[in-house]
Amino acid sequence: MSRKPRKNEEDNGFAAWGGYMEAKKAKLAEQFSKVTVELTNKKSDIFNGIAILVNGYTKPGADELKIFMAAHGGNYHLYQNQGGCPTTHIIATNLPNVKINQLGNIPVVRPEWIVDSISANKLLDFKKYLLYTNQSRTQPKLNFTVIEKDKNTFPTNEKSEVNKILAEQPQKYAKTATDPQFLSDFYNNSRLHLISTLGAEFKQLVNKLREESNSEFPGLEKLIRSKTETGFNSEKSLKSDKIIMHIDMDCFFVSVGLRNRPELRGKPIAVTHSKSGKSNPNGPNRQAEVDLYVKRLPEGPLPKLNLIDETSSMAEIASCSYEARQCGVRNGMFMGSALKICPNLVPIPYDFEGYKDVSSVLYHTIAEYTLDIEAVSCDEMYVDVTKILKKSSITVSEWASHIRHEIMERTGCPCSTGFGANRLQARLATKKAKPNGQYYLEPEDVDNYMYELPLEDLPGVGYATIVKLHNLGLKTCGDLYDISLSTLKNELGQKNSEMIYDQARGIDKKSLNYEHERKSVSADVNYGIRFKNHSEALVFLESLSKEVYSRLSEIKMKAKTITLKLLIRAEGAPKETAKYLGCGVCDAINKSITTSYYLENPQHIFKEAKNLYERLGIVPDDLRGVGIQLSKLEKISRTNKALAKFLNQVSIVESNITTRNELFDNNDENRQNNNVKILNIENKNKNTGVNNNLNSTDETIKQEIKSGSKQEKVTSTASKRGRSRGNKTTLTKSTSNLTNYFKHTKNEPSTKEFKSGNNSIDLNVLKELPKDIQKEIMEEYNLSEKVLDKLESKPSSVATNVEKNVDTKDNKNNENKEVKKKKGFAALTKEELKTLLKNWIRNQEIPKEKDIDMLGAFFTKLVEERKLEYLFSMVNLLYRYRL
DNA sequence: ATCCTCCCCTAC
DNA sequence: TAAGGTAGGGGAGGAT
């Protein structure tokens with residue numbers, strides 16, 4: 001029964017690794033402490049010819065690695081083979097299965113390679129830093145056989161539906177969603193995806209900057225100083241309570257693309273995937289699809305479709321220059337169509353990294369003046385400049401010139417700014433200011449300006465709304481002045497009518513929203529979806545589940561509602577779409593379910609998505625689009641509060657140990673009082689269990705514990721079940737409850753478990769419990785002592801989900817051990833975590849704050865995921881090794 | 001009334 | 001060839 005700590009095993013614990021990184025980081029601290037606005041000084045050329053792509057979470061993080069590469073002559077790729085330049089190395093510490101098949105023959109290297117190379121001031125051999133030591137540099141380009149090989153090469157989940165079905169795949173892949181590489185290929189090339197994700201990122205950035213702000217604005221201070229020097233004309237008073245600025249980059253993608261192509265300035269330019277303006281001459285006849293599309297449009301003016309012929313490119317124009325707009329070219333137009341009205345139109349490729357960089361500079365530039373920013377998208381925001389104008393006493397026009405000049409200087413891209421008393425007026429002013437201009441729609445001009453304004457210029461008035469308004473005979477905002485609100489309501493509904501009614505008069509009651517709160521997370525693919533059968537569709541659904549989960553976990557949230565969004569080929573629509581691999585004319589089917597538990601891992605999401613999919617009874621052949629949306633979101637506990645939260649949930653009933661600090665305070669007095677009696681589980685996460693069969697009365701177990709001088713208040717569902725309780729809880733009763741817990745919270749059976757009727761108990765957990773509790777459980781289950789003795793001789797390994805992906809054969813491999821440590825607690829084996837905790841306690845080491853937070857987060861996760869067996873054994877260890 | 005689900009619409 | 005995503009506001013109509 002002895003659970004003595006093994007000696008000297010794995011002395012390179014987490015703390016040691018942390019120290020390693022700290023030392024390296026300290027040395028290079030100045031290089032990444034600055035915001036990305038500042039260009040890092042070139043330090044060396046050691047990474048000449050190296051182009052890295054960072055995959056997933058790494059330490060140091062992607063932002064830091066990016067700066068390292070920039071400072072030492074290397075390239076940083078946002079997506080594979082960016083700009084036609086081959087990616088030479090993938091940097092990762094933890095590669096989810098979903099991404100393994102996407103890497104081709106590019107070596108996957110741990111980030112220490114970068115850090116160590118910089119420390120050594122020379123390029124070290126990356127082979128020593130390979131994430132997977134048996135990865136071959138000479139692997140041929142991704143094909144079926146390689147996928148098979150990869151299956152053996154990388155640790156993958158045997159049960160994975162993906163792998164099962166991959167094995168049944170035919171030898172040939174189209175560039176469709178059945179290709180394992182498809183999802184990343186698609187997202188790496190989707191402008192709309194980029195726009196969406198960047199938009200969300202910058203909203204988050206504003207939140208973060210506001211949170212971390214020390215209320216110092218160096219730009220503003222400098223402006224105030226220079227104003228007194230140069231004697232700007234001061235403005236006595238502002239024309240409205242507030243002055244709102246709307247700022248928008250001019251044809252953003254084009255401007256970024258032209259930074260390094262000055263020779264193209266002044267020409268009609270289009271950012272598009274199409275190079276030749278032509279599509280496959282053997283493609284399908286397009287007329288049938290166009291006809292059907294027109295047929296399904298609402299009554300009203302038709303969009304321009306006459307420019308589509310059988311071979312012109314249907315690649316969309318993401319952004320076009322003002323010269324192109326003069327010919328009638330518009331964003332979103334097909335390249336082939338645009339070329340017909342503008343034969344000189346010059347196509348330029350996307351530069352996704354450039355967009356990101358320029359956006360970042362834009363936001364950080366504004367943030368030097370104020371944080372009263374509402375991010376709209378990567379190239380557009382609203383800013384309350386009232387304070388800026390008051391403090392610096394400059395005019396709207398002076399400020400506009402100043403900030404536009406600064407943005408041009410720092411980004412190389414022009415922007416336009418509009419000003420007004422509210423966001424609507426500011427926004428309309430920007431429209432007038434463009435391109436590369438500024439305009440202040442002053443209060444006294446608003447009425448005149450609005451009267452003439454076409455209704456389609458109002459934000460929120462799009463195609464469908466304008467059709468309805470035109471059908472009512474309404475063209476301009478002025479036309480609305482003669483109409484009653486109720487007439488409008490019949491067509492447009494309550495809120496929309498009020499909004500348009502107000503806006504037509506220049507009124508906008510909505511104030512700027514500085515703190516953005518996410519309400520949903522989704523991942524949609526309506527391109528390249530061509531499935532022959534349900535299996536293919538489900539494989540894709542599984543990878544999409546992982547994708548949407550990774551987005552959910554990035555924002556540290558969990559969800560209660562999942563919506564499956566499908567596009568189905570419309571009746572009569574040709575099977576082969578006009579646009580290559582497009583979705584064609586479709587009907588949308590959405591189905592959602594609100595779950596009784598939190599969706600917080602990819603398995604949950606896939607399970608529910610699969611259910612919804614099956615319930616919809618789709619013909620897989622007709623599927624043209626798939627999306628998963630998660631809503632009813634809730635924040636997962638913040639990591640820095642995680643341990644505290646955990647300790648509230650699981651009160652450690654031990655004489656003096658009640659707080660986080662005391663838990664790790666290893667003084668002698670405490671050690672003597674460590675007569676651990678029982679864990680007090682206060683289950684606040686009623687609905688977080690993965691186990692749907694959880695008996696609700698067993699969900700909440702609260703126990704009153706007598707703990708030294710402290711006595712805690714109790715409300716227990718045990719009493720509802722008629723259990724006897726007093727204000728003292730005896731060991732026996734507590735243990736009963738604990739035993740009960742084991743019976744009902746088991747989600748998936750562990751590898752080693754004992755069945756007793758419908759109940760099962762994990763022997764490894766049992767083994768970790770205090771002896772007296774063990775005894776009682778064993779009595780209840782009629783287990784003999786021999787069971788545990790047997791176990792004692794074998795290495796302990798509880799098969800929890802936490803460990804499933806860890807390849808045990810790697811345990812002897814030091815390099816891989818180090819890898820695991822970097823992944824955080826969730827990826828450590830039980831033994832490794834045990835050793836880590838043990839070392840902390842034995843060495844009387846006070847763990848680093850971040851380690852404690854990480855541990856707390858990990859424990860909280862275990863509670864929420866109902867991996868209580870694992871949790872109990874870990875917590876128990878904390879006490880045990882203190883004895 | 002108020003909520004929920006399933007849409008539709010709009011914006012970038 | 002081509003990369004037709006994503007979040008949020010809101011309405012209709014049924015459930016409570």
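By convention in this document, chain letters (A, B, ...) are assigned in the order of the sequence lines, proteins followed by strands, and residues within each chain are numbered from 1.
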**OP:** Could you tell me whether the phosphate oxygens of C:dA3, OP1 or OP2, come under 4.0 Å of any side-chain nitrogen or oxygen in A:N188?
**Re:** no
**OP:** Mind checking A:R551 for me? I need base, sugar-phosphate or nothing, with any heavy atom below 4.0 Å counting as a touch.
**Re:** sugar-phosphate
**OP:** Indicate, with a heavy-atom threshold strictly under 4.0 Å, whether A:I195 touches base, sugar-phosphate, or nothing.
**Re:** base
Original post:
Which residue lies toward the 5' end of DNA chain C, A:Q494 or A:H516, if each is placed at its nearest nucleotide?
Top reply: A:H516
**OP:** Ignoring backbone atoms, establish whether A:S313 has a side-chain N or O less than 4.0 Å from OP1 or OP2 of C:dT1.
**Re:** no
**OP:** Would you indicate whether the side-chain heavy atoms of A:N331 and A:R325 approach each other to under 4.5 Å?
**Re:** yes
Original post:
Within the structure, does a side-chain N or O atom of A:S377 lie under 4.0 Å from either OP1 or OP2 of B:dA11?
Top reply: no
**OP:** Mind checking A:A523 for me? I need base, sugar-phosphate or nothing, with any heavy atom below 4.0 Å counting as a touch.
**Re:** sugar-phosphate
**OP:** Test A:D508 against A:R427 for salt bridge (Lys or Arg N to Asp or Glu O under 4.0 Å), laying out the working first.
**Re:** CA-CA 11 Å; A:D508 188 345; A:R427 194 178 158 155; over 6 Å; no
**OP:** Send over the distance from A:L198 CG to C:dA7 P, rounded to a whole Å.
**Re:** 13 Å
Original post:
Below 4.0 angstrom, N of the basic side chain to O of the carboxylate: do A:E316 and A:K579 qualify?
Top reply: yes
Original post:
With a non-hydrogen cut-off below 4.0 angstrom, is A:G493 in contact with a base, only sugar-phosphate, or nothing?
Top reply: sugar-phosphate
Original post:
Which part of the nucleic acid does A:G582 contact within heavy-atom distance under 4.0 Å: base, sugar-phosphate only, or nothing?
Top reply: base
Original post:
Does A:K560 come within less than 4.0 Å of A:E634, counting only side-chain N to carboxylate O?
Top reply: no
**OP:** For A:N526, answer base if it contacts any base atom (sugar-phosphate contacts may also be present), sugar-phosphate if it contacts only those atoms, and nothing otherwise; contact means non-hydrogen atoms under 4.0 Å.
**Re:** base
Original post:
With sugar-phosphate meaning primed atoms plus P, OP1 and OP2, does A:K565 contact a base, only sugar-phosphate, or nothing at under 4.0 Å between heavy atoms?
Top reply: nothing
Original post:
So does A:H193 get a side-chain nitrogen or oxygen closer than 4.0 Å to the phosphate oxygens (OP1/OP2) of C:dA3?
Top reply: no
Original post:
Across the strands shown, which category fits A:G460 at heavy-atom distances under 4.0 angstrom: base, sugar-phosphate, nothing?
Top reply: sugar-phosphate
Subject >> Interatomic distance, A:I500 CD1 vs C:dG11 C1' [rounded to whole Å] >> reply: 13 Å
Original post:
Starting at OH of A:Y350 and ending at P of B:dC12, how long is that distance when rounded to a whole Å?
Top reply: 17 Å
**OP:** Identify whether any heavy atom of A:T594 sits under 4.0 Å from a base atom; if not, whether one sits that close to sugar-phosphate; answer base, sugar-phosphate or nothing.
**Re:** sugar-phosphate
**OP:** Would you mind classifying the nucleic acid contact of A:E517 as base, sugar-phosphate or nothing, using non-hydrogen atoms under 4.0 angstrom?
**Re:** sugar-phosphate
Original post:
Contact class for A:T465 vs. all strands (heavy atom < 4.0 Å): base, sugar-phosphate, or nothing?
Top reply: sugar-phosphate
Original post:
Is the CD atom of A:E571 crowded by more than 12 outside heavy atoms at less than 6.0 Å?
Top reply: no
Subject >> Nearest-nucleotide comparison on DNA chain C, the residue closer to the 5′ end among A:S497 and A:T272 >> reply: A:T272
